[in-house]
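Structure first, then comments.
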Protein chains: 2
Amino acid sequence: MSEPHPALLMFIGARYVEQRVSDAVAAAGYDDITPAMARVAARLSEDGIRVTDLAEQARITKQSASVLVDQLERAAYVERVPDPADARARLVVIAPRGREVQQVARREERAIEREWSRHLGAERMAALKDALKGLREITDPYREDFAQPARRG
Amino acid sequence: MSEPHPALLMFIGARYVEQRVSDAVAAAGYDDITPAMARVAARLSEDGIRVTDLAEQARITKQSASVLVDQLERAAYVERVPDPADARARLVVIAPRGREVQQVARREERAIEREWSRHLGAERMAALKDALKGLREITDPYREDFAQPARRG
DNA sequence: CTGATATAGTCAGTCTCACTGACCAGTTCG
DNA sequence: CGAACTGGTCAGTGAGACTGACTATATCAG
């Protein structure tokens, strides 16, 4: 069997972390969060964010974002408050329960990074990060300048 | 903003390749393949495989796998043939049209790998592969599946 | 050989989460 | 003021996943 493509190995690693974090969050008692909700929730900030901006960042339509925010709100992870700067808009802000989840997720991510460092050794871990950052220069269309990618459809 | 988690960088790279390959396949005229179909199709081998095994490897239910194989069959990418070893079962085998797609996909993957090597340089590319392979030892729960054909449960 | 049980696969129904299009309310600017 | 733009929702559709029930074949104990 030929060597697996590096991208497959990357996918395996990324999926592992996603699973670990999602498991940790569920184990901490927050078991009513779907993957789609998590993707949106990962973009929340302390300052609050508009549904439209959330949609753009998560690369989904504002309609989809709106539905997911509804669910997050019903489960008390976020609140919608009026935007003082624009009466049409409302800001999605993290609620206390949401902040708890973020802490659990961040702690698990840090733990995984420590495990990886231990397994690979500091040097290989540094080389990994270095190479991944270098790759990002040519693989991440959202770094800065780019035209709207014509998503197939 | 703090450093992105390595897993995020991996995800970006993996998604990039997925997109490039999918675009190349579509550009070659095979524009009736959905991502879900592709995920199943990526597991096909020359020997044929049962729907049940396909489902297990793609981590979906056999019902879902069956629907996706239906679609692939309707589009002439695969065929279902009787399994000579078991009259209950049928084998999903690649059809000529499916083989063409696999070649397009593999060619694009190799092209991307060359681009990455050029961008990073041979040394960093080797370090990347090395580290990713090392990580796989602790992040891939299905490692054996890739080396060994069957894992009886 | 027969009957119990396991396995391959399909059918039917449901759920989640994307999408588009139509629409309303508020903002901005001529 | 009125036109055009923007934030957001409502309604409808579709893909793709799920569970549960079912048929047909295989296998194994007695």
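Keep in mind that this is a model prediction, so the values were computed, not measured.
Remark: B:Ala127 engages A:Ala127 in a side-chain contact (heavy atoms from CB on, under 4.5 Å) (not counting sequence neighbours). Residues passing the side-chain contact (heavy atoms from CB on, under 4.5 Å) test with A:Ser117, sequence neighbours excluded: A:Met125. When the side-chain hydrogen bond (donor to acceptor under 3.5 Å, both in side chains) test is applied to A:Ser22, no partner is found at least two apart in sequence or on another chain. Partners of A:Glu115 under the side-chain hydrogen bond (donor to acceptor under 3.5 Å, both in side chains) rule, at least two apart in sequence or in another chain, are A:Arg20. Under the side-chain hydrogen bond (donor to acceptor under 3.5 Å, both in side chains) criterion, A:Glu46 pairs with A:Arg99, sequence neighbours left out. Legend: residues meeting side-chain hydrogen bond (donor to acceptor under 3.5 Å, both in side chains) with A:Lys62, ordered by chain and number and at least two apart, are absent.
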Query raised in the report: Can you give one letter per nucleotide of nucleotides 20-26 of chain C, going 5' to 3': B for a protein heavy atom under 4.0 Å from the base, S for sugar-phosphate only, - for none?
Result: BB---BB
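Bracketed by its first and final contacts, the part of DNA chain D lying under 4.0 Å from non-hydrogen atoms of chain A reaches from D:dT6 to D:dC10 in 5' to 3' order.
Side-chain atoms of A:Val40 and A:Ile60, non-hydrogen and from C-beta on, do get closer than 4.5 Å to each other.
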Show me the donor-acceptor pairs within less than 3.5 Å that the side chains of residues 87-95 of chain A make with the rest of the protein, sequence neighbours left out.
unit_1, atom_1, unit_2, atom_2, d
A:Arg88, NE, A:Asp86, OD1, 3.1
A:Arg88, NE, A:Asp86, OD2, 3.4
A:Arg88, NH2, A:Asp86, OD2, 2.7

Identify each donor-acceptor pair in which a side-chain atom of residues 27-36 of chain A lies under 3.5 Å from a protein atom, sequence neighbours left out, and give them as a table.
unit_1, atom_1, unit_2, atom_2, d
A:Tyr30, OH, A:Glu100, OE1, 2.5
A:Asp32, OD1, A:Tyr77, OH, 2.4
A:Thr34, OG1, A:Met37, N, 3.2

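One can place CD of B:Gln57 at 14 Å from P of C:dA8, the figure rounded to the nearest angstrom.
Contact annotation: B:Ser66 does not reach the phosphate of C:dG9 (side-chain N/O to OP1 or OP2, under 4.0 Å).
A donor and an acceptor atom, one from each side chain of A:Asp53 and A:Gln57, are nowhere located under 3.5 Å apart.
Non-hydrogen atoms lying under 4.0 Å from DNA chain C are contributed by B:Arg80, all within residues 67-81 of chain B. Sorted by residue number, the members of residues 21-52 of chain A with any non-hydrogen atom under 4.0 Å from DNA chain C read A:Thr34, A:Ala36, A:Arg39.
A salt bridge between B:Glu56 and B:Arg43 is absent, with no side-chain N of the basic residue lying under 4.0 Å from a carboxylate O of the acidic one.
Distance OH/B:Tyr16 to CE/A:Met10: 11.5 Å, rounded to 0.5 Å.
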